[in-house]
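In this chain, residues are counted from 1 in sequence order. Note that ligands are numbered from 1 as they come in the structure, with each ligand's atoms numbered from 1 the same way. Since this is a predicted model, take the numbers as computed values, not measurements.
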Amino acid sequence: MQTLLITRPDDWHIHLRDGQALTHTVADASRYFARAIVMPNLTPPVRNLDEARAYYERICAARPSAGNQLEPLMVLYLTDNTRPEDIREAAASGIVKAVKLYPAGATTNSDAGVTRVDALGPALAEMEKLGMPLLVHGEVTDADIDIFDREAVFIDRHLRGLCERFPSLKIVLEHITTADAAQFVASAPGNIAATITAHHLLYNRNHMLAGGIRPHYYCLPILKRNTHQQALIDAATSGSSKFFLGTDSAPHARQRKETDCGCAGCYTAHAAIELYAEAFEAAGALDKLEAFASFHGPDFYGLPRNTDTITLQKCDWIAPDTLPLGDDVVRPLRAGETLHWQVV
Ligand SMILES: NC(=O)N[C@@H](CC(=O)O)C(=O)O
Ligand SMILES: [Zn+2]
Ligand SMILES: [Zn+2]
């Protein structure tokens with residue numbers, strides 16, 4: 001049987017949610033990830049060190065008592081009112097590792113996000129000085145911009161300018177979905193990187209829309225055409241240290257996705273590295289998985305690489321139809337379907 005031994009991976013973009021849901025999301029993320037960059041889009045969002053510390057403690061309390069202990073890496077939610085002092089305090093705490101920019105209205109719980117990206121100044125200058133990474137949900141929100149173009153337009157309207165105004169600010173363009181983004185990041189200086197999800201490597205918009213509409217493939221930024229999917233596969237398997245693993249596992253209760261106006265987000269924490277292994281195998285690049293999953297992320301964040309390992313085995317299994325999520329259930333990606341890799 002084919003096996004693959006890799007250094008223990010980390011997840012550089014995950015939504016653990018809060019309250020009762022933490023029991024399930026934290027358990028799934030704890031199966032083998034050493035660390036996780038925890039997104040701050042709660043209601044209300046995680047805007048300062050006090051809120052980050054309280055959330056950190058709720059996550060730690062939800063960890064399973066036995067086995068691998070996930071280390072949550074906290075993220076502040078940038079608003080129009082974030083002050084340089086908020087950044088300094090967070091950076092000094094040692095538990096906050098990044099700050100997240102959501103354009104207001106771009107995605108789930110982004111209403112408190114930034115209304116004018118170009119007006120951001122002092123907070124970003126402080127982050128640049130301290131080496132604190134800015135994580136970006138890179139989509140414009142203008143009603144007149146087609147949803148499939150929102151990432152590319154964000155790069156042109158905002159990201160290029162941010163990179164010029166803050167030339168040494170570390171920036172991660174999160175969950176990239178287009179050839180435009182892959183190309184922009186690949187040709188940018190070393191302080192610009194990107195995370196790529198497993199679902200954007202495995203799927204394109206036909207999977208979501210051809211032959212019936214499949215709400216569990218609906219996430220933001222939305223799946224694009226297959227040529228963009230191929231560009232993401234090429235970037236992830238290129239060996240470039242600018243691209244690394246970020247699942248964007250984003251659970252929503254089943255009834256909030258299977259409805260007239262469904263939420264965006266795919267739940268992949270039940271099978272994260274397993275799904276990536278499938279994508280890398282399909283590209284004939286299993287030898288590139290370890291660096292993408294376990295080296296490039298910590299190197300970019302300036303954190304040590306993990307020193308222990310996990311083993312993947314090629315072995316079919318069926319993903320569960322539903323998983324508990326607090327008092328609700330979530331339908332995980334590939335629910336009821338066969339997965340081909342397993343962590344042993
Ligand atoms: N990716 C998503 O579709 N949804 C995320 C938000 C985000 O990462 O943009 C969520 O919090 O549900
Ligand atoms: Zn996002
Ligand atoms: Zn996300």
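Among the atoms of H13, no N, O or S atom falls under 2.8 Å of the Zn ion (ligand 2). The Zn ion (ligand 3) has an N, O or S atom of H15 under 2.8 Å away, backbone or side chain.
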Applying side-chain hydrogen bond (donor to acceptor under 3.5 Å, both in side chains) to T3 and Q313, what does each step give before you reach the verdict?
CA-CA 4 Å; T3 63; Q313 200 171 69; over 6 Å; no
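Note on H137: its N/O/S atom closest to the Zn ion (ligand 2) is ND1. Per residue D248, closest N, O or S atom to the Zn ion (ligand 3): atom name OD1.
Side-chain polar atoms of D28 and H270 form no donor-acceptor pair below 3.5 angstrom.
Shown are K257, E258, R254; of these, the side-chain hydrogen bond (donor to acceptor under 3.5 Å, both in side chains) with H216 is made only by E258.
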Give one line per pair: atom of ligand 1, protein atom, distance. Only N/O to N/O under 3.5 Å.
| from | atom 1 | to | atom 2 | distance (Å) |
| --- | --- | --- | --- | --- |
| ligand 1 | 1 (N) | L220 | O | 2.9 |
| ligand 1 | 1 (N) | D248 | OD2 | 2.7 |
| ligand 1 | 3 (O) | L220 | N | 2.7 |
| ligand 1 | 3 (O) | A264 | O | 3.3 |
| ligand 1 | 3 (O) | G265 | N | 3.3 |
| ligand 1 | 4 (N) | A264 | O | 3.2 |
| ligand 1 | 8 (O) | H15 | NE2 | 3.1 |
| ligand 1 | 8 (O) | D248 | OD1 | 3.1 |
| ligand 1 | 9 (O) | T107 | OG1 | 2.7 |
| ligand 1 | 9 (O) | H137 | ND1 | 3.0 |
| ligand 1 | 11 (O) | H15 | ND1 | 3.3 |
| ligand 1 | 11 (O) | R17 | NH1 | 2.8 |
| ligand 1 | 11 (O) | R17 | NH2 | 3.4 |
| ligand 1 | 11 (O) | N41 | ND2 | 2.8 |
| ligand 1 | 12 (O) | R17 | NH2 | 2.8 |
| ligand 1 | 12 (O) | T108 | OG1 | 3.0 |
| ligand 1 | 12 (O) | H252 | NE2 | 2.8 |
| ligand 1 | 12 (O) | A264 | O | 3.2 |

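A salt bridge links D156 and R160; the closest N-O separation between the charged side-chain nitrogens and carboxylate oxygens is under 4.0 Å. Under the 4.0 Å criterion applied to side-chain N and carboxylate O atoms, E89 and R53 are not assigned as salt-bridge partners.
Considering every non-hydrogen atom in both Y32 and R8, the closest pair reads O-NH1, 2.9 Å. Across all non-hydrogen atoms, the minimal contact from F243 to A182 is CZ-O, 3.6 Å.
For the pair K170 and F300, the cation-pi criterion (under 6.0 Å, within 45° of the ring axis) is fulfilled.
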